[in-house]
K.L.:
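After the structure tokens below, expect a handful of questions from me.
Here the structure is a predicted model, which means the values were calculated and not measured. Just follow the structure's listing: the first ligand is 1, and inside any ligand the first atom is 1. Side chains are part of it too, since the values below use all heavy atoms of this structure and drop only hydrogens, waters and symmetry mates.
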Amino acid sequence: MKQYLDLCQRITNEGSWVNNERTGKRCLTVINADLTYDVAKNEFPLITTRKSFWKSAIAEFIGYIRGYDNAADFRKLGTSTWDANANHNTEWLSNPHRKGTDDCGFIYGKVARNFPKPDGGSIDLLAQIVDHLSKGMDNRGEIFTFYHPGAFHMACLRPCMYSHHFSLLDNTLYLNSTQRSCDVPLGLNFNMVQVYFFLAIMAQITGNKAGQAYHKIVNAHIYEDQLDLMRDVQLKRDPFPSPQLIINPDIKSLKDLETWVTLDDFDVEGYQHHEPIKYPFAV
Ligand SMILES: Nc1nc(=O)c2c([nH]1)NC[C@@H]1CN(c3ccc(C(=O)N[C@@H](CCC(=O)O)C(=O)O)cc3)CN21
Ligand SMILES: O=c1ccn([C@H]2C[C@H](O)[C@@H](COP(=O)(O)O)O2)c(=O)[nH]1
């Protein structure tokens, strides 16, 4: 939590203003931030200086694991985070690749679970990584990537947190996640939960101990219409201790995640937080 608040403070103190053409808003921006989450100690990096809707973040990530490309499927799982990008972005609405209401196009897991091969066919990157890690193997390239520049024109948004690289060392599983662009008030609240969750659940389904997750952010920004709430409200509050994430131990395989898992399989213990803050969302 302290590392999150330090980043927010750094942006408000030292950030530079950048015009963002896609959203038509200015962003206060810094380049490079490195966050670490201790999954071994179960220090769940949940924001405490406002109420976090952490289940929505886990639902979004399970949607990526399942290869979802439709906002309605995300909603059924328990999150409406893709509604705006699928249905309220004028450029995407007139894109000939859009298949109708709620279609997000070739995004995130839809790409990574069907990664196109130049010589035809596709690869399921996640199935491959789960198979290797379950056998205690790390080929130094266990990378789950959503990044396919050749497919950007077929998606409502490019992936932000785009790469998750797993490593096994001394029977302990580590994760290095990379994010190219980060909406610190809204997106990061979710992305921290997702990086932590991804290492915890992958350790559980591959039978390894979880170690640390390292989260690299390149462009970290606060939108101009979010700044007052961050500086004058959220940053004035004192954080509480980290809660713990509880995951149903019956989740034992990728198939379990793909089929029966719901948000009821997750809980937090000891979550003390301040009042919610409603930040504006830039489409
Ligand atoms: N501008 C922008 N920021 C983002 O963080 C973002 C995008 N766009 N587009 C794609 C996804 C969608 N994400 C989102 C979308 C909405 C919320 C949001 O509204 N969060 C609220 C409450 C959510 C709830 O009740 O479930 C929050 O207070 O955190 C968060 C992340 C993250 N990503
Ligand atoms: O997981 C996510 C997804 C998106 N974001 C934010 C980062 C940016 O503010 C926008 C995406 O805009 P681009 O113009 O494509 O960079 O969404 C996030 O923080 N986390």
K.L.:
Set out, in order, the CA-CA distance, both residues' side-chain angles and the distance that settles side-chain contact (heavy atoms from CB on, under 4.5 Å) for Q3 and L7, then state yes or no.
P.N.:
CA-CA 6 Å; Q3 47 186 347; L7 174 60; over 6 Å; no
K.L.:
Would you say that more than 12 heavy atoms from the other residues, nucleotides or ligands in this model lie under 6.0 Å from the CG of D119, or not?
P.N.:
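Yes, because the 6.0 Å sphere around CG of D119 holds more than 12 heavy atoms from other groups.
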K.L.:
Among all protein heavy atoms, pick out the one at the shortest distance from atom 1 (N) of ligand 1; state its residue, atom name and that distance to 0.1 Å.
P.N.:
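Closest protein heavy atom to atom 1 (N) of ligand 1: A282 O, 2.9 Å.
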K.L.:
Within 4.0 Å of atom 3 (N) of ligand 1 (strictly less), any protein heavy atom?
P.N.:
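Within 4.0 Å: yes, protein heavy atom nearby.
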K.L.:
Apply side-chain contact (heavy atoms from CB on, under 4.5 Å) to residues W92 and N85 and explain how you reach the verdict.
P.N.:
CA-CA 8 Å; W92 176 239; N85 289 107; over 6 Å; no
K.L.:
Show your working on side-chain contact (heavy atoms from CB on, under 4.5 Å) between Y271 and T48 and close with a plain yes or no.
P.N.:
CA-CA 8 Å; Y271 186 31; T48 59; 4.0 Å; yes
K.L.:
Looking at S56, which atoms of ligand 1 are within less than 4.0 Å of one of its heavy atoms?
P.N.:
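Per the distance check, 26 (O).
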K.L.:
Run down the list Y108, W54, F53, Y223 and name the one with the heavy atom closest to atom 22 (C) of ligand 1.
P.N.:
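Nearest heavy atom to atom 22 (C) of ligand 1 lies in F53.
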K.L.:
With rounding to the nearest 0.5 angstrom, report the CG to NE2 distance, L188 to H215.
P.N.:
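Here the rounded value is 6.0 Å.
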K.L.:
Please state which protein non-hydrogen atom is closest to atom 23 (C) of ligand 1 and give its distance, to 0.1 Å?
P.N.:
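Checked against all protein heavy atoms, atom 23 (C) of ligand 1 sits closest to F190 CZ, 4.0 Å.
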K.L.:
If you measure every N or O of L186 against every N or O of ligand 1, does any of those distances drop under 3.5 Å?
P.N.:
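There is no such contact.
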K.L.:
List ligand 1 atoms under 4.0 Å from L157, heavy atoms only on the residue side.
P.N.:
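Within the 4.0 Å cut-off of L157, ligand 1 contributes 9 (N), 10 (C).
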K.L.:
N189 heavy atoms, cut-off 4.0 Å: which ligand 1 atoms fall inside?
P.N.:
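Counting atoms of ligand 1 from 1, those under 4.0 Å from N189 are 29 (O).
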K.L.:
Which label fits F144 and F198: parallel for a plane angle under 30°, tilted from 30 to 60°, or perpendicular past 60°?
P.N.:
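Tilted, since the angle between the ring planes falls between 30° and 60°.
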K.L.:
Is the Y108 ring parallel, tilted or perpendicular to the F146 ring (thresholds 30°, 60°)?
P.N.:
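Tilted: the ring planes of Y108 and F146 meet at 30° to 60°.
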K.L.:
Please report whether ligand 1 has a polar contact with N85, defined as an N or O pair separated by less than 3.5 Å (distance criterion only).
P.N.:
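So ligand 1 has an N or O lying under 3.5 Å from an N or O of N85.
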K.L.:
Would you name the heavy atoms of A71 and A86 that are closest together and state the gap between them?
P.N.:
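Shortest heavy-atom separation between A71 and A86 comes out as CB-CB, 4.1 Å.
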K.L.:
Say whether D183, considering both its backbone and side-chain N or O atoms, lies within less than 3.5 Å of an N or O atom on ligand 1.
P.N.:
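N/O-N/O distance below 3.5 Å exists for this pair.
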K.L.:
Only heavy atoms of G187, strictly under 4.0 Å: list the atoms of ligand 1 that pass.
P.N.:
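Every atom of ligand 1 under 4.0 Å from some heavy atom of G187: 5 (O).
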K.L.:
May I ask you to check whether over 12 heavy atoms, not counting those of N139, lie within 6.0 Å of atom CG?
P.N.:
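Yes, enclosed.
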K.L.:
May I ask you to decide if the ring planes of H164 and F61 are parallel, tilted or perpendicular, using 30° and 60° as cut-offs?
P.N.:
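If you compare the ring of H164 with that of F61, the planes turn out perpendicular.
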K.L.:
Using the ring-ring contact (aromatic ring centres under 6.0 Å, His included) rule, pick out the option among F266, F44, Y37 that qualifies with Y196.
P.N.:
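Going through the options one by one, the only one that passes is F44.
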K.L.:
Could you check whether atom NZ of K278 has more than 12 heavy atoms from other residues, nucleotides or ligands sitting under 6.0 Å from it?
P.N.:
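No - once you tally the heavy atoms of other residues, nucleotides and ligands closer than 6.0 Å, there are 12 at most.
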K.L.:
List the residues meeting salt bridge (Lys or Arg N to Asp or Glu O under 4.0 Å) with D183, not counting sequence neighbours, and say none if there are none.
P.N.:
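Scan of D183 (salt bridge (Lys or Arg N to Asp or Glu O under 4.0 Å), adjacent residues dropped) gives none.
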K.L.:
T79: heavy atom below 4.0 Å from ligand 1, yes or no?
P.N.:
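Distance cut 4.0 Å: T79 fails for ligand 1.
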K.L.:
Which residue and atom name correspond to the protein heavy atom nearest atom 14 (C) of ligand 1, and how close is it?
P.N.:
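For atom 14 (C) of ligand 1, the nearest protein heavy atom comes out as T81 CG2, 3.6 Å.
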K.L.:
Between R158, K278, R50, which one has a non-hydrogen atom sitting closest to atom 28 (O) of ligand 1?
P.N.:
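Going through R158, K278, R50 one by one, R50 has the nearest heavy atom to atom 28 (O) of ligand 1.
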K.L.:
Which residue owns the protein heavy atom closest to atom 13 (N) of ligand 1, what's the atom, and how far is it?
P.N.:
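It is E60 OE2, 3.9 Å.
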K.L.:
Give the residue, atom name and distance (to 0.1 Å) of the protein heavy atom nearest atom 6 (C) of ligand 1.
P.N.:
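The closest heavy atom on the protein side is F281 CE1, 3.7 Å.
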K.L.:
Listing by chain and number, which residues have a heavy atom under 4.0 Å from ligand 2?
P.N.:
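Near ligand 2, by chain and number: R22, Y108, R158, C160, Q179, R180, S181, C182, D183, G187, N191, H221, Y223.
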K.L.:
Would you call D6-R10 a salt bridge at under 4.0 Å N-O?
P.N.:
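No, this pair does not count.
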